[in-house]
2 protein chains.
Amino acid sequence: MIAIEVLEKYGALKKSFDKSEIIFEEGNLPTHYYQIISGEIKMSNYNDDGREFIQGIFYKDQSFGEPPLFLNQNYPANAIAVENSEVLLLPKNKFMKLLEENPKVSIKIIENLAQRLYYKSVMAAEMSTQEPEHRVLKLIDHGIAYFNFKKEENGYLINFTRQQIGDLTGLRVETVIRTIKSLEKKGVLKIINRKVYR
Amino acid sequence: MIAIEVLEKYGALKKSFDKSEIIFEEGNLPTHYYQIISGEIKMSNYNDDGREFIQGIFYKDQSFGEPPLFLNQNYPANAIAVENSEVLLLPKNKFMKLLEENPKVSIKIIENLAQRLYYKSVMAAEMSTQEPEHRVLKLIDHGIAYFNFKKEENGYLINFTRQQIGDLTGLRVETVIRTIKSLEKKGVLKIINRKVYR
DNA sequence: CTTGTTTTATGATTTTAATCATAAATAGGA
DNA sequence: TCCTATTTATGATTAAAATCATAAAACAAG
């Protein structure tokens, strides 16, 4: 998103997070801008009885957690490293200075937020009104464009577990497993030794 | 959001929409920035069997439909006037010029998008994992802060129909009616001649 | 290489909101 | 003011995904 040199110029520091390590927690006030150098970070909520909902998964060069930073509101979700990851942290006041002095960066931020809002709009409509097959397929097709699914000989490899797909679509693992099976039977995707291709 | 004089300086024109009139449709490419002068606009989707999902409801001084404008993507939803409304329209190229020449406006846009993303994050988590009572209550409490619910002697008047609440939360009217009844019985809100107060 | 954990898998049962049916109350328009 | 459409309301039934139970396969860690 923002060039690393620019971030470092304003005083950003690199920090490493082990797999499963928490980066920030729901309910806390934001203090930094976060941008991923390497690894994979998820933002998610846990409801009253421990069920997870994944707000989004972020990769190299992507930022996360800005909305509450701009609004001075508490984080609505947790950020957790899915893999060992390196993240650049820039304190809020320095980040705001960076923005003021680099109007082009503001445009980049706008485009990024717009992109995420677009994804949320599409998924919200799906999740509220559509049946499981529709939901899962929409997530997968969206993922091809926005998550880092890689094209292989059998199609795009959907490198999400069934559980992750469930947590992203609001479905249960068993339902996802059955849904994917049914989608395969209909020929819209392939399962090759348990991996899903589209 | 953006001062009317500034918008007009860049060539924005006022346009009136009658109740139920369509402002733009899902699938079309954005051409303008829209900001409400008066009235009420909803953005919503219709799924395969005609069921509606309301993405958001917007009032005086609010803008809508920017994400696809910034991304050059098709609108993911329709915009329809809920009441007779007046809207300022600014063509995309002039809007982009305005942004470039007024960095402070960019910050405003960022804050606005951040706000909407925050709402969507909260509602997405609710809609995917929580039971109807939780969902409806979250929408109402969110609405007190962000929709224009007005404080009256009995509390905040939730000026949504049961159907609208359903379309915003992904529930059916009957379920919303029963849920609201049950919430009243628990004492968390009031129903006074069919109107809901919180 | 062994062991513990995660992921995928399947069948049976239950729960819960959707659906269907019907109607009264209210609001809005002619 | 009357008529029509919308909104609220309630009961009965159904359908669909969640839940529960159980297990094999794959993977990761030591």
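In the text below, chain A, chain B and the rest are named by the order of the sequence lines, each starting its count at 1. Basis for what follows: all heavy atoms, side chains included, without hydrogens, waters or symmetry-related copies.
In this structure, Lys138(B) places its NZ atom where only 12 or fewer heavy-atom neighbours from other residues, nucleotides or ligands lie under 6.0 Å away.
The line from CD1 of Ile180(B) to NZ of Lys190(B) is 15.0 Å long, rounded to the nearest 0.5 Å.
Not one N or O on the side chain of Asp61(B) forms a donor-acceptor pair closer than 3.5 Å with the backbone of Met1(B). Judged by distance alone, the side chain of Asn45(A) and the main-chain N or O of Pro76(A) form a donor-acceptor pair under 3.5 Å. For Ser63(A) (side chain) and Gln35(A) (main-chain N/O), no donor-acceptor pair under 3.5 Å exists by modelled atom type. The backbone N or O of Leu117(B) sits nowhere less than 3.5 Å from a side-chain atom of Lys120(A) that would complete a donor-acceptor pair. A donor-acceptor pair is defined here as one N or O able to donate and one able to accept, closer than 3.5 Å; such a pair exists between the side chain of Arg51(A) and the backbone of Gly170(A). Put simply, the side chain of Asn47(A) gets close to the backbone of Asp49(A): a donor and an acceptor are under 3.5 Å apart. Checking side-chain atoms of Glu83(B) against main-chain N and O of Glu40(B) turns up no donor-acceptor pair under 3.5 Å.
Following rounding to the nearest Å, Ile180(B) (CD1) and dA17(C) (P) show an atom-to-atom distance of 15 Å. In this structure, Arg162(A) atom CZ and dT6(C) atom C1' are separated by 13 Å, rounded to whole Å. In this structure, Lys181(A) atom NZ and dT8(C) atom P are separated by 10 Å, rounded to whole Å.
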Between protein and nucleotides 28-30 of chain C, what N or O pairs are separated by less than 3.5 Å?
none

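Cluster partners of Val173(B), by chain and number: Ile177(B). The rule joins Ile, Leu, Val, Met, Phe, Trp and Tyr whenever side-chain heavy atoms lie under 4.5 Å apart.
Under the 6.0 Å cut-off for aromatic ring centres, Phe149(A) and Tyr156(A) do not qualify, their centroids lying 6.0 Å or more apart.
Along DNA chain D, read 5' to 3', the first and last nucleotides having any atom under 4.0 Å from a heavy atom of chain A are dA17(D) to dA26(D).
In summary, Glu101(B) and Lys9(B) do not engage in a salt bridge, as defined by a charged side-chain N under 4.0 Å from a carboxylate O. A salt bridge is absent between Glu152(B) and Lys195(B): the closest approach of a Lys/Arg side-chain nitrogen to an acidic carboxylate oxygen does not fall below 4.0 angstrom.
A heavy atom closer than 4.0 Å to some atom of DNA chain C occurs in Arg194(A), these being the qualifying members of residues 187-198 of chain A. Within residues 136-144 of chain A, no residue places a heavy atom under 4.0 Å from DNA chain C. The stretch residues 168-177 of chain B touches DNA chain D through Glu174(B), Ile177(B), each having a heavy atom under 4.0 angstrom from the strand.
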>> Let's go through Phe58(B) and Tyr34(B) carefully: what are the C-alpha distance in whole Å and the side-chain angles of both, what is the deciding distance for ring-ring contact (aromatic ring centres under 6.0 Å, His included) to 0.1 Å, and is it a yes or a no?
In response: CA-CA 11 Å; Phe58(B) 302 92; Tyr34(B) 296 89; over 10 Å; no
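In this structure the side chain of Asn78(B) never reaches within 4.5 angstrom of the side chain of Glu52(B), judged on heavy atoms.
Both Thr161(B) and Arg178(A) lie close to DNA chain D; mapped to their nearest nucleotides by heavy-atom distance, the more 5′-ward contact belongs to Thr161(B).
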